[in-house]
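In the text below, chain A, chain B and the rest are named by the order of the sequence lines, each starting its count at 1. In this text, all values refer to a predicted model and were calculated from it rather than measured experimentally.
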Protein chains: 2
Amino acid sequence: MPKIAASEKDAFYEQRRAELADVALRLWAEKGFDGTSVAAIADAAGISKGTFYLYFASKQALLEDVLRRYTLLPSVQAMVESVADHSLEEAVHTFVRHAWRHLNQHRDLVLLTLRELPSHIEQAQEALQHVLVPTNKLIAQYLEDRLGPERAREISMVIAGRGLVGMILMIFVSQEILGAKRFLPVSDDDIAATIAQVFLHGVVGGAQ
Amino acid sequence: MPKIAASEKDAFYEQRRAELADVALRLWAEKGFDGTSVAAIADAAGISKGTFYLYFASKQALLEDVLRRYTLLPSVQAMVESVADHSLEEAVHTFVRHAWRHLNQHRDLVLLTLRELPSHIEQAQEALQHVLVPTNKLIAQYLEDRLGPERAREISMVIAGRGLVGMILMIFVSQEILGAKRFLPVSDDDIAATIAQVFLHGVVGGAQ
DNA sequence: TGAAAATGACCGACTGGTCGGTCATGCCTG
DNA sequence: CAGGCATGACCGACCAGTCGGTCATTTTCA
């Protein structure tokens, strides 16, 4: 039974860590890393500050765990891979629509990452690089494979890929974070379609 | 002679404030608002913390002064107006090239604004809205005027405009802040041309 | 009852902000 | 011209409060 007890304990331990990470992400997205004290996180999780330090060695360690736990990379990879057998037009539309939904689902993480982006907290920057750089590589590779040299305009697919992500991100930030939604209520699908359309015509060319 | 003395003093006072604002912007871009103490700012400006408070009532007041002092809006407006009599193609190219140079010149302000974007420091968010929203309005208006309903694709020019700014911003952040420049060294003009090309073909359509 | 878990008082470092005191400067007066 | 006097820019020790992190103590529970 010691084994069972131990694994039960481990399960509880892991569950606590997960809950703390969850609470921390929510609070950090609201008030920032520096703006949220460990006491506040512990409080929101219903434990004391002392107990917090039984589960994480430091505030920094919690940040690292949050970023590891919630990295967007796997889902981004899955997203890119899932469109591999669509037509290019379909693929881009699907990608944009999924990315949009993704951003909405992971709003807190996006906020946290944006906020700590140029920060002295290197982990956030690394996390960003771990997501953005590989995503970019995947997209560029995909585009080059699909287009072939003659169909693509003579532009860098790496730059174009970044542009696509930039469009999505900026429009997301405008609509969902800066509150532009109130002034210009457009359905998510329409937005995604617009982005995909601009990108497709811009990059692929000719095909009107 | 008291008048001259007074104006000399005022000039010195204003110069001090300007220097403090300059130093603060630089440090804040590096370490963030919360991450930079008033003492550090005063130190970097070669004065004591006590003296700092002769020139600004609070740290918050300094932030407000920095954002007012360095607002990008006038230059953005000038930028949009300066391309008013070009052809659309030329206008977009020029706009992108200018915007790119602009971001480089105001790197610190861009960093600070991005960093404090979703922050509890409302001023940064306001500043962003004061730049982004009017910029967006100008661009959308310009595009609609130039294109006319039949030439534009059936997409929102507001969304498209945000997409353009998003492309520029994201590629800037990738190249200049995340350090992607090292991996993909492309000239500024090439990048600007690529962005303009994608946008033009994407939005304007047909014209290959 | 004994060990594991949880607590919150406590610590030292640091924050934004204050304030009494110093001293170079330049005017006033003789 | 000289010397005393007033000015105010400047300093940095200091304040109250908050932070991340520790640890002796109490609570819990098998």
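By the 4.5 Å heavy-atom criterion applied to side chains, B/Met167 and A/Arg162 are not counted as neighbours.
Closest to the A/Ser58 side chain, of the nucleotides C/dT7, D/dG21, D/dC10, is D/dG21.
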(request) Evaluate the criterion side-chain contact (heavy atoms from CB on, under 4.5 Å) for residue pair A/Leu111 and A/Trp28; output intermediate values, then yes/no. (result) CA-CA 9 Å; A/Leu111 269 171; A/Trp28 284 341; over 6 Å; no
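Across the interface with DNA chain D, nearest-nucleotide mapping of B/Gly46 and A/Gly50 shows B/Gly46 to be the residue nearer the 5′ end. Residue whose closest nucleotide on DNA chain D sits further toward the 5' end, between A/Val38 and A/Thr51: A/Val38.
At the phosphate of C/dG8, neither OP1 nor OP2 sits under 4.0 Å from any side-chain N or O atom of A/Lys49.
Counting to the nearest Å, the P atom of C/dT7 and the CZ atom of A/Arg16 are 7 Å from each other. D/dC19 atom P lies 11 Å from atom OH of A/Tyr53, rounded to whole Å. One atom, NZ of A/Lys59, and another, P of D/dT22, lie 15 Å apart when rounded to the nearest Å. Distance A/Tyr13 OH to C/dA6 P: 12 Å, rounded to the nearest Å. Rounded to an integer number of Å, the gap from B/Leu54 CG to C/dC19 P is 13 Å. Taking atom CG on B/Leu63 and atom C1' on C/dG16, their separation rounds to 14 Å, with Å as the unit. Across the protein-nucleic acid pair, B/Phe52 atom CZ and D/dA9 atom P stand 16 Å apart, rounded to whole Å. We find that CG of A/Asp43 is positioned 15 Å from C1' of D/dC19, with the value rounded to whole Å.
Nucleic acid contact class of B/Tyr55 (heavy atoms, under 4.0 Å, all strands): sugar-phosphate only. Here A/Ser37 lies in heavy-atom contact (under 4.0 Å) with sugar-phosphate atoms only.
B/Tyr53 does not carry B/Lys59 over the face of its six-membered ring by the limits of under 6.0 Å from the centre and within 45° of the normal.
Between A/Arg69 and A/Glu14 a salt bridge is recorded (basic side-chain N to carboxylate O distance below 4.0 Å). Salt bridge B/Asp65/B/Arg17: present, at least one basic N to carboxylate O contact under 4.0 Å.
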